[in-house]
Amino acid sequence: MAFLHTITVGPLETNCYLFGDEATRECAIIDPGGDEDKIAGALKKHDLRPTMILLTHAHFDHTGAVAALKRRYGLRVGGSQAEARCLADALLSGATWFGIPFKTTSADFLIADGDDLRVGNVVLKVLATPGHSAGGLSFIGDGLAFVGDVLFCDGIGRYDLPGSDFETLRRSLKRLLALDDAMRVYPGHGPATTIGRERRSNPSLAELGLGGE
Ligand SMILES: [Zn+2]
């Protein structure tokens, strides 16, 4: 059995997810966007042992606590090749744009479409979902999908940022909508939802001709 804890972090209220194996208490930290002490507190409170940091993408609001957590727990950071360079680039990360102080960091292993990531006995499957950012990834396991800033409850990701591309985002949304209706969706910001709910009632998807029954 898998478990999930959600922690809202940083100035843009990013969802940081602790996803892992109930039996071994091992977990991945997905998108630690800031507030490292808050994340560390949740790990302690729930008696969890982090084994890696995973990034859906490398915008600053998803990576603000990477350097600190890496140091604190000796963790390795995984992200896609296209996102890895944002980790060392304040401009690409979006930090400059928001006037946020930027801490350079780096990826320790690269993840690509089709990879399986093991957290204890739980597996996360990697689905490439670029478009909001050049190398966006979704992580799917145990009926849950962590989709970063590609799909939201009643919204879709921005496609006007450096590295964004509308047609690419559209293809990624189509890919996500091919998942099971019952699949629970955990976006980078805002409430969780399901594929079925978004297919039926997300106005932005309807506008793109991707919604409906
Ligand atoms: Zn983003």
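Just follow the structure's listing: the first ligand is 1, and inside any ligand the first atom is 1.
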>> I want to verify a count. Protein N, O or S atoms less than 2.8 Å away from the Zn ion (ligand 1), how many are there?
In response: 4

> For residues 5-24, which residue pairs qualify under salt bridge (charged side-chain N to carboxylate O under 4.0 Å, His left out), counting only residues two or more places apart or in two chains?
Replying inline: E22-R25

> Which residue pairs satisfy the salt bridge (charged side-chain N to carboxylate O under 4.0 Å, His left out) criterion with at least one member in residues 39-62, sequence neighbours excluded?
Replying inline: E26-R49

> Around F102, counting heavy atoms of other residues, nucleotides and ligands shown, do more than 12 lie under 6.0 Å from its CZ?
Replying inline: yes

>> Taking atom CZ as the centre, does R85 end up with more than 12 heavy-atom neighbours from other residues, nucleotides or ligands that are less than 6.0 angstrom away?
In response: no

Would you be so kind as to tabulate the donor-acceptor pairs closer than 3.5 Å made by side chains of residues 168-184, with sequence neighbours excluded?
| unit_1 | atom_1 | unit_2 | atom_2 | d |
| --- | --- | --- | --- | --- |
| T168 | OG1 | D165 | OD2 | 2.5 |
| R170 | NH2 | L208 | O | 2.8 |
| S172 | OG | P130 | O | 2.6 |
| S172 | OG | T168 | O | 3.3 |
| R175 | NH1 | D113 | OD1 | 3.0 |
| R175 | NH1 | A128 | O | 3.1 |
| R175 | NH2 | D113 | OD1 | 3.3 |
| R175 | NH2 | D113 | OD2 | 3.4 |
| D181 | OD1 | R199 | NE | 3.0 |
| D181 | OD1 | R199 | NH2 | 2.3 |
| R184 | NE | Y186 | OH | 3.1 |

> Do the side chains of F139 and T56 get nearer than 4.5 Å, heavy atoms only?
Replying inline: yes

